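On a predicted model such as this, the values are computed, not experimentally measured, just so you know.
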Number of protein chains: 2
Amino acid sequence: MPPGTSDVVPSAVASQRVADSLRELILSGQLMAGTRIRQEDIAIQLGASRLPVREALRILESEGLTTLKANSGAWVSRVDLEECRAIYKIRERVEPLALQESIPHLTARDHAELDRIQDEIENVTDVETFLVLDRELHRLTYSACQIDLLLSMVQRFWNTTQHYRRAYSTITRHERQWVINAEHRLLIDAMKRRDIEDAERVLIGHIRRTRHELEQHPELFEHPHRVDDQGYPSTRNL
Amino acid sequence: MPPGTSDVVPSAVASQRVADSLRELILSGQLMAGTRIRQEDIAIQLGASRLPVREALRILESEGLTTLKANSGAWVSRVDLEECRAIYKIRERVEPLALQESIPHLTARDHAELDRIQDEIENVTDVETFLVLDRELHRLTYSACQIDLLLSMVQRFWNTTQHYRRAYSTITRHERQWVINAEHRLLIDAMKRRDIEDAERVLIGHIRRTRHELEQHPELFEHPHRVDDQGYPSTRNL
DNA sequence: TGTTTAATGGATGGATCCAATCACCGATGC
DNA sequence: GCATCGGTGATTGGATCCATCCATTAAACA
């Protein structure tokens with residue numbers, strides 16, 4: 001199963017359980033980017049030994065959610081503007097492939113579901129539910145892609161930029177929502193027509209526009225009002 | 001430092017040291033795809049405890065080089081034809097971006113070095129050195145790309161398909177070498193002209209052609225003449 | 001004889017303990 | 001007063017031991 005998928009039944013392996021819990025804490029925003037993670041704290045908090053926590057931190061590091069530094073500690077990964085731009089540029093290349101591989105296998109039922117979700121998106125006011133729905137919409141567009149490796153890559157990108165999508169949506173969603181809606185509708189239409197080229201073009205534009213708008217809000221990447229993260233490792237071991 | 005880079009000075013952290021050693025063993029072909037890895041064997045062989053080996057296996061799993069199954073064991077990742085095709089399809093999308101980001105920052109010195117390597121490639125007869133040179137050439141074309149995340153992704157793809165490039169080159173390199181040479185020369189020329197579009201097009205063709213030729217040699221992915229790999233886990237936890 | 005079940009062996013996962021490393025803080029010397 | 005050096009505390013990394021799980025094998029029953 002690709003990482004990031006929240007298991008309904010908790011994994012029997014403690015490392016996976018811990019990783020799942022931590023991932024949930026990070027993605028939900030309860031663990032802010034840049035906060036330090038002490039192994040023992042987590043171990044106590046989740047009722048496990050430190051060893052599974054160590055392995056969980058490794059797992060999450062491979063997903064890009066945590067950053068480890070030898071003999072120093074672990075932090076919730078902080079994505080600066082430069083890295084965020086990079087991720088979006090990669091997404092502009094990778095997600096169209098997922099779409100291409102998915103479109104031929106999507107059914108009419110899927111198309112209807114896409115319409116339904118977009119209807120919901122256009123009616124929602126809450127930011128948090130918008131994030132969930134938006135992600136669900138795009139996930140569905142890729143869902144019939146058979147390349148697991150690709151899907152988990154995409155999921156990873158979405159996970160690591162989750163914080164900033166939330167922050168950005170909070171700021172400018174209301175005035176720019178119509179653009180998102182238009183793009184989503186065009187995307188869904190192209191998918192229904194199974195016009196892969198067109199769908200890819202719309203999707204690329206969708207991601208690229210978001211990147212450009214993100215680039216105009218560098219304040220989102222200023223270190224937020226946190227003080228308890230003692231020292232942030234400068235070395236990114238990616 | 002991106003994974004896969006062989007450290008000159010051995011890392012002080014045992015897990016990293018073990019991971020480096022194992023990676024070298026796998027990439028050099030001394031540990032064949034599909035062979036089981038027993039934690040204790042490696043621990044003894046490398047003079048460490050089982051714990052760093054466990055963490056090393058996690059690290060390598062995140063690089064796609066090993067496959068772990070809970071309560072069962074670890075294996076050197078085996079890439080079937082389907083997954084190999086997938087990786088190449090992703091490479092066709094991702095590597096052009098690395099190229100695009102690199103071309104503007106490459107110097108005349110780099111261009112000369114590219115020519116030199118290609119000269120060597122056209123004179124070499126040994127398969128193993130061809131593999132090294134070919135990889136070095138492409139690495140150099142991407143070397144000025146500033147997106148570390150992208151470079152480590154590319155490196156990962158090259159690592160996981162290393163076995164099959166070796167096997168494929170062994171078979172058909174002699175009769176198809178002229179195609180590779182032509183593509184390399186065209187690529188280098190476009191790069192010198194800093195014609196990003198053209199360079200991307202050549203590169204896409206280069207990767208795509210290789211994929212198509214790989215697809216016509218499914219026998220490379222038949223389980224090789226090994227017997228001591230007891231059972232291969234069907235679940236890919238990517 | 002084929003199938004199912006139970007037992008055993010081996011390998012992995014987890015917990016605890018110990019060592020090494022780093023960061024912080026104070027003292028000392030310039 | 002500032003910088004450098006050394007000590008101390010906290011946190012992570014590693015080793016060993018124990019529990020758990022899986023696979024294989026053998027045996028017993030249909």
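Going from atom CG of A:L51 over to atom P of D:dC18 covers 17 Å, rounded to whole Å. Rounding to whole angstrom units, CD of residue A:E55 and C1' of D:dG14 are separated by 13 Å. As a whole-Å value, the separation of A:L68 CG from D:dG14 P is 12 Å. Atom CD in B:Q16 sits roughly 11 Å away from atom P in D:dG13 (whole-Å rounding). Between the CD1 atom of A:I42 and the C1' atom of C:dA15 there is a distance of 18 Å, given to the nearest Å. Here C:dG14 presents its C1' atom at 16 Å from CD1 of A:I44, a figure rounded to the nearest Å. With rounding to whole Å, B:E40 atom CD is found 17 Å from C:dG9 atom P. Residue A:R17 contributes atom CZ, which lies 14 Å from atom P of C:dG13 at whole-angstrom precision.
Listed by chain and residue number, nothing satisfies the ring-ring contact (aromatic ring centres under 6.0 Å, His included) test with B:F157 (two or more places apart in sequence, or in another chain).
Counting any heavy atom pair closer than 4.0 Å across all strands shown, A:L57 reaches no nucleic acid atom.
Between B:D134 and B:W158, the closest side-chain pair of non-hydrogen atoms falls below 4.5 Å. For the pair B:T35 and B:W75, the minimum side-chain heavy-atom distance is 4.5 Å or more.
Remark: the A:R50 side chain and the D:dG13 base include a donor-acceptor N/O pair separated by less than 3.5 Å.
Closest to the side chain of A:R36, from the set D:dG14, D:dT12, C:dT16, is D:dT12. Closest approach to the A:R38 side chain among C:dA15, D:dG14, D:dT12 is made by D:dT12 (side chain taken as heavy atoms from C-beta onward). If you check D:dT12, D:dG14, C:dT16 against the side chain of B:S15, the one that comes closest is D:dG14.
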Protein N or O to nucleotides 20-23 of chain C N or O, pairs below 3.5 Å:
none

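Side chains of B:Q100 and A:R93: a donor on one and an acceptor on the other come within 3.5 Å. With no hydrogens or angles considered, a side-chain donor-acceptor pair links A:R135 and A:Q162 at under 3.5 Å.
With respect to the salt-bridge test (charged N to carboxylate O, under 4.0 angstrom), the residues A:E113 and A:R116 qualify. At a threshold of 4.0 Å, the pair B:D20-B:R23 counts as salt-bridged, since one of the basic side-chain nitrogens sits closer than that to a carboxylate oxygen. A salt bridge between A:K89 and B:E101 is present, with a side-chain N of the basic residue lying under 4.0 Å from a carboxylate O of the acidic one.
Overall bending of the helix from C:dT1-D:dA30 to C:dC30-D:dG1, expressed as the angle between end axes built from five pairs apiece, is 20° (10° steps).
Residue B:Q39 has a polar side-chain atom (N or O) positioned under 4.0 Å from OP1 or OP2 of C:dG13.
Heavy-atom neighbours of B:E215 CD from other residues, nucleotides or ligands within 6.0 Å: above the threshold of 12.
For the pair A:R91 and A:Y88, the distance from NZ or CZ to the six-membered ring centre is under 6.0 Å and the angle to the ring normal is within 45 degrees.
Between B:I37 and A:R54, the residue anchored closer to the 5' end of DNA chain C is B:I37, taking for each the nucleotide with the nearest heavy atom.
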